Amino acid sequence: MTMYPYLYPPGPKGFPYLGLPNAKIPTKKFWLTHIEWGKKHGAALGFTAIIIITFLLSLSLSGDLIHFSRFSKHYVVINTLETARDILDKQARVTSDRPHTRVDEIVSNLLDGLSQIPYSKQWRKTRKLFHQNLHAESTVQFHPIQTEQVWLFVKGVVLSESTLKGQIATLSQNIMFLSIYGLDISSNEEEMPTRNREAIDTFENSIIPGWDGYKYIPFIHLLPSWFPWGGRLIATIHALGEIAREGASKPWDAVREKIKSDGNHASLIGKLLSRTDPDNDEEIDRIKWFGFQFMADTMSAISTFFLAMSLYPDVQSKGQEELDAVLGKEGIPTFDDCPSLPYIEAIFREVMRWHPALPMGVPHNCIEDIVYDGYYIPKGTTIYANIWAMTHDTSVYEDADRFIPERHLRKDRHFDNINSILAYRFERRNFRVCVGRYMANDTIWLAIPSTLAAVDISTLPNENVEDYFSDGAFCSPHTLDCSVTPQV
Ligand code: HEM
């Protein structure tokens, strides 16, 4: 019930009920548009209104929060870390749901993947399963696979005929497929990783703020595919459902087949299955969806590292000098070397800050009305944390658009723990923080010193840097035109 004299946070206004028209929804590098909207609308109220309203309601007009609506559905984007902590962490009990509609039920399988499950008992059980197997101590079990695969990648990167981007994709996917399913894929062009990527690509649009507004039109899920506009969108959702089903089923069937034939339960799924009652359908389904997650992000981060090294050759040299000094010319970096390589750690931290793989994260939904700083955020609003805005906040990061690892180095050589890496969405009480962060961290970190110890990456012009990157919800260099040569 809305009994407040409160206003929605500032933001672009649309038409009654329809809200912002489709054409006004930013779909390319939209995190930048939301920063612009913050500046524009944060100060857009008339001067007198500002004085009166600010005085009466103590509203913040700093552009921290942006609001807009589509088909009566409310969207809020948070542009600052402090506000994100206040709303998404301190009020996590009411802001940890995910958006879900009747349309999403068409792709019900996608809703079974942990990242999309509504905040519920089912989510808690699934999250527990993930946490038990992916927390810091548990992910050590994947070190031998990560070490071997990174080593194979570095050995092959100079000789392989595939593109650098393709090889990085194969590295990320192979680590996931081997660790989770015990399945070896020789190339990212194989059917299983291709299906998985297709599902992620199709899913990408649905996490653009406002893009999914059509889902809130009553009865739209009933439209036949031949119906103009809405029908086509619904048909796309049906197709996504199919792709998701295949993306999860193929490796699942293959791993069960493999276990049947060789009796080897060494993979994570194998271990989980051996501990589970085969008649417990709910638990088996949870395990099935375990593997179908987020390998795209690791690939983005490693690609970003290569691009950064080609744009900032001085950083590349400094990283190599540290490796030579600590490990010697022939040394092969291992996880144990991490504490002795602060500059490498600083490069890793800067990769994660400079171009976070998911610049606007994954949307949350609030399950109750919220009043924040005098603004009204109604129950059911979809809330986005603009991670990009936070990692490019110039009051914290000077020259935020430049790649400067030194900004993370302290005199005492101390680094804040992994929960300070905003790309995974901070954790104080954020129940939805990335559950795969320890595994992702290990893969990305090891790829950095292993590459720098073995090869030189050629330079690319350091101009119009954003043009190197894709525009969609997953931020990654779209091509990597640098060449890689063995060190002499
Ligand atoms: C560079 C690598 C990665 C980045 C930047 C990243 C980032 C994120 C972000 C921003 C979220 C949303 C957090 C929120 O809603 O507040 C998320 C959720 C999630 N991530 Fe990651 N991720 C990465 C790698 C991985 C990997 C390798 C896995 C799997 C092993 C994974 C599994 C998940 C899952 C399951 C969720 C959903 C958690 C939930 O809803 O409870 N992520 N990730």
Side-chain angles (χ1 to χ4, degrees), residues 31 78 81 84-85 87-89 92 95-100 110-120 122-131 133-135 138-139 141-142 145-146 168 171-181 196 200 203 207 268-269 286 289-305 348-349 351-365 382-388 390-391 418-419 421-445 447-448 473-476:
W31 44 95
I78 305 175
L81 180 57
R85 286 201 164 128
I87 294 178
L88 295 173
D89 291 1
T95 56
S96 292
D97 202 11
R98 296 281 193 217
H100 44 93
L110 256 193
L111 295 182
D112 290 341
L114 174 62
S115 63
Q116 297 310 303
I117 302 179
Y119 185 56
S120 58
Q122 190 206 355
W123 171 78
R124 263 186 289 278
K125 282 189 182 168
T126 311
R127 176 90 195 187
K128 192 168 161 204
L129 177 75
F130 269 70
H131 177 74
N133 292 286
L134 295 176
H135 65 75
S138 186
T139 42
Q141 66 179 304
F142 306 123
I145 291 175
Q146 287 164 317
I168 295 170
L171 167 70
S172 315
Q173 290 185 308
N174 226 348
I175 288 177
M176 289 298 280
F177 272 88
L178 276 167
S179 310
I180 310 283
Y181 300 108
N196 219 303
I200 290 165
F203 171 68
I207 53 174
L268 183 53
I269 298 274
R286 252 193 287 285
W289 280 91
F290 194 106
F292 189 66
Q293 303 288 337
F294 288 83
M295 30 197 116
D297 305 332
T298 321
M299 186 200 73
S300 301
I302 299 174
S303 304
T304 298
F305 155 71
F348 163 70
R349 300 270 169 157
V351 165
M352 302 300 278
R353 181 204 70 83
W354 186 54
H355 275 79
L358 274 166
M360 292 278 267
V362 182
H364 290 222
N365 241 38
T382 297
I383 305 175
Y384 288 79
N386 190 345
I387 295 174
W388 178 282
M390 297 168 202
T391 64
I418 177 173
N419 294 326
I421 298 180
L422 296 177
Y424 299 123
R425 277 276 285 109
F426 34 90
E427 181 181 51
R428 289 269 171 90
R429 284 193 60 232
N430 173 17
F431 303 151
R432 291 282 196 169
V433 65
C434 175
V435 78
R437 62 200 184 284
Y438 294 101
M439 189 180 184
N441 246 24
D442 288 349
T443 299
I444 302 162
W445 183 85
I448 293 175
F474 295 103
C475 179
S476 172

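Remember, it's 1-based here, ligands and their atoms both numbered in the order they're listed. Hydrogens, waters and symmetry mates are skipped; everything else that's a heavy atom, side chains included, is used. All values derive from a computational prediction rather than experimental measurement.
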Heavy atom of Ile444, distance to ligand 1 below 4.0 Å: yes
Is Arg437 near ligand 1, meaning one of its heavy atoms is under 4.0 Å from it? no
A student checking ligand 1 against Met176 at a 4.0 Å heavy-atom cut-off should list atoms 29 (C), 30 (C)
Which residue, Arg124, Arg127, His364, forms the side-chain contact (heavy atoms from CB on, under 4.5 Å) with Tyr119? Arg124
State whether the side chain of [X] and the backbone N or O of [Y] hold a donor-acceptor pair below 3.5 Å, judged by distance alone.
X	Y	answer
Thr298	Ser172	no
Arg98	Pro363	yes
Asn365	Asp97	no

Between [options], which one has a non-hydrogen atom sitting closest to [atom]?
atom	options	result
atom 3 (C) of ligand 1	Ile180, Asp297, Asn441, Val433	Asp297
atom 27 (C) of ligand 1	Thr298, Thr126, Val362	Thr298
atom 39 (C) of ligand 1	Arg127, Arg124, Met360, Met299	Arg127
atom 7 (C) of ligand 1	Ala423, Ser172, Ala440	Ala423

When rounded to the nearest 0.5 angstrom, what is the spacing between CD1 in Ile302 and CH2 in Trp445? 13.0 Å
Rounded to the nearest 0.5 Å, the CZ atom of Arg353 sits from the CH2 atom of Trp388 at a distance of 8.5 Å
